[in-house]
Amino acid sequence: MSKMDTKDFLIGAVIGSIVGASAAMLFTPKSGRELRTDINEKANQAKDKTVELTHAAKEKGTEYSQLAKEKSDEWSKVAKEQWNKVADRTVGISNKAAQMGEDLASDVKELMENEKAEGKKLAKQVVKEIEETKEKLKDDVEEFKDK
């Protein structure tokens, strides 16, 4: 129940008790003096009960308010801790991804340089073989002419 519903219920209960007690006393055959005495006693009892219920309601309200504050603080702390863990992991993953990217770029660059060097070697070898073949053909043509 909300605060307003509880308050309304308590007020209704007290008023209902007073009306019920008053009706019971009014329909009971008593003298005026006895009736007034009974009404005063019942009114004092109702007043005391009202004060007691009000005090109990305030205590419970304070208790619940404190409990809610403690739980709220506790949940906030847990949420902050979880957020910090997620943030730390995110930073770690981001750093790891950046490092992996740098490593990959370095590996690709090294591979390209190696392939370039191998390509130059192969080109030199092909040129050398072409030159050798050219010389051999030239020698073969000379030899063929001489025959």
Side-chain angles (χ1 to χ4, degrees), residues 1-28 35-146:
M1 276 199 246
S2 69
K3 281 186 172 183
M4 185 54 92
D5 291 340
T6 304
K7 180 180 172 186
D8 290 343
F9 175 76
L10 289 175
I11 290 171
V14 169
I15 291 173
S17 299
I18 292 171
V19 170
S22 298
M25 284 191 281
L26 289 174
F27 291 112
T28 306
L35 183 58
R36 284 190 299 272
T37 303
D38 284 349
I39 289 174
N40 281 334
E41 285 177 12
K42 295 295 180 182
N44 285 333
Q45 287 176 0
K47 181 182 142 201
D48 292 344
K49 188 68 172 175
T50 303
V51 169
E52 181 181 318
L53 288 174
T54 302
H55 182 66
K58 284 182 182 178
E59 283 182 13
K60 287 293 181 185
T62 302
E63 240 178 78
Y64 291 145
S65 173
Q66 184 63 31
L67 180 63
K69 185 180 183 292
E70 289 172 5
K71 288 296 180 184
S72 175
D73 290 345
E74 182 180 320
W75 292 342
S76 292
K77 182 180 176 184
V78 168
K80 284 178 185 176
E81 288 174 359
Q82 290 300 320
W83 178 256
N84 289 338
K85 285 180 183 178
V86 169
D88 289 346
R89 286 182 182 165
T90 302
V91 168
I93 290 170
S94 176
N95 289 342
K96 188 173 182 177
Q99 184 61 44
M100 288 174 71
E102 290 173 6
D103 291 347
L104 181 61
S106 174
D107 290 347
V108 167
K109 185 177 178 181
E110 184 179 323
L111 182 63
M112 292 297 286
E113 288 174 1
N114 288 343
E115 290 299 318
K116 186 178 175 182
E118 288 295 319
K120 283 182 180 180
K121 276 186 194 176
L122 183 61
K124 285 181 182 179
Q125 185 178 355
V126 168
V127 168
K128 182 180 174 186
E129 287 179 7
I130 289 173
E131 290 295 326
E132 288 174 358
T133 304
K134 180 180 165 186
E135 288 299 319
K136 186 173 181 188
L137 281 173
K138 199 178 196 182
D139 289 344
D140 287 346
V141 168
E142 290 290 324
E143 188 178 309
F144 186 68
K145 280 185 181 178
D146 291 336

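- Salt-bridge formation is not detected for the pair D73/K77: no Lys NZ or Arg NE/NH1/NH2 atom is positioned less than 4.0 Å from an Asp or Glu carboxylate oxygen.
- Contact annotation: the side chain of H55 approaches that of E59 to within less than 4.5 Å [non-hydrogen atoms, C-beta and beyond].
- Considering NZ of K42 and NZ of K49, their distance stands at 13.0 Å, rounded to 0.5 Å.
- Judged as a side-chain hydrogen bond (donor to acceptor under 3.5 Å, both in side chains), and not counting sequence neighbours, E63 has no contacts.
- K124 is not listed as a side-chain neighbour of K121, based on a closest heavy-atom distance of 4.5 Å or more.
- Without hydrogens or angle criteria, S94 side chain to T90 main chain gives no donor-acceptor distance under 3.5 Å.
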Checklist entry - E132 and K128: side-chain contact (heavy atoms from CB on, under 4.5 Å), yes or no, with the steps? => result CA-CA 6 Å; E132 288 174 358; K128 182 180 174 186; 3.2 Å; yes

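- Put simply, CD1 on I130 and NZ on K134 are 10.0 Å apart, with the number rounded to the nearest 0.5 Å.
- Atom NZ of residue K47 and atom OG1 of residue T54 lie 12.0 Å apart, to the nearest 0.5 angstrom.
- In this structure, the separation between NZ on K136 and CD on E143 is 10.5 Å, given to the nearest 0.5 Å.
- Distance NZ/K71 to CG/L67: 6.5 Å, rounded to 0.5 Å.
- Using modelled atom types, no side-chain atom of S106 and backbone atom of E102 make a donor-acceptor pair closer than 3.5 Å.
- No donor-acceptor pair closer than 3.5 Å links the side chain of S65 to the backbone N or O of G61.
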Next on the checklist: As a quick check of understanding, evaluate side chain to side chain donor-acceptor pair (under 3.5 Å) for D103 and Q99, giving each step before the final call.
Outcome noted: CA-CA 6 Å; D103 291 347; Q99 184 61 44; 2.9 Å; yes

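- Using a 4.5 Å heavy-atom cutoff, the side chains of V108 and M112 are in contact.
- In summary, the side chains of N114 and E118 do not present any donor paired with an acceptor at a separation below 3.5 Å, with no hydrogens or angles considered.
- Atom NZ of K109 sits about 12.0 Å away from atom CG of D107, to the nearest 0.5 Å.
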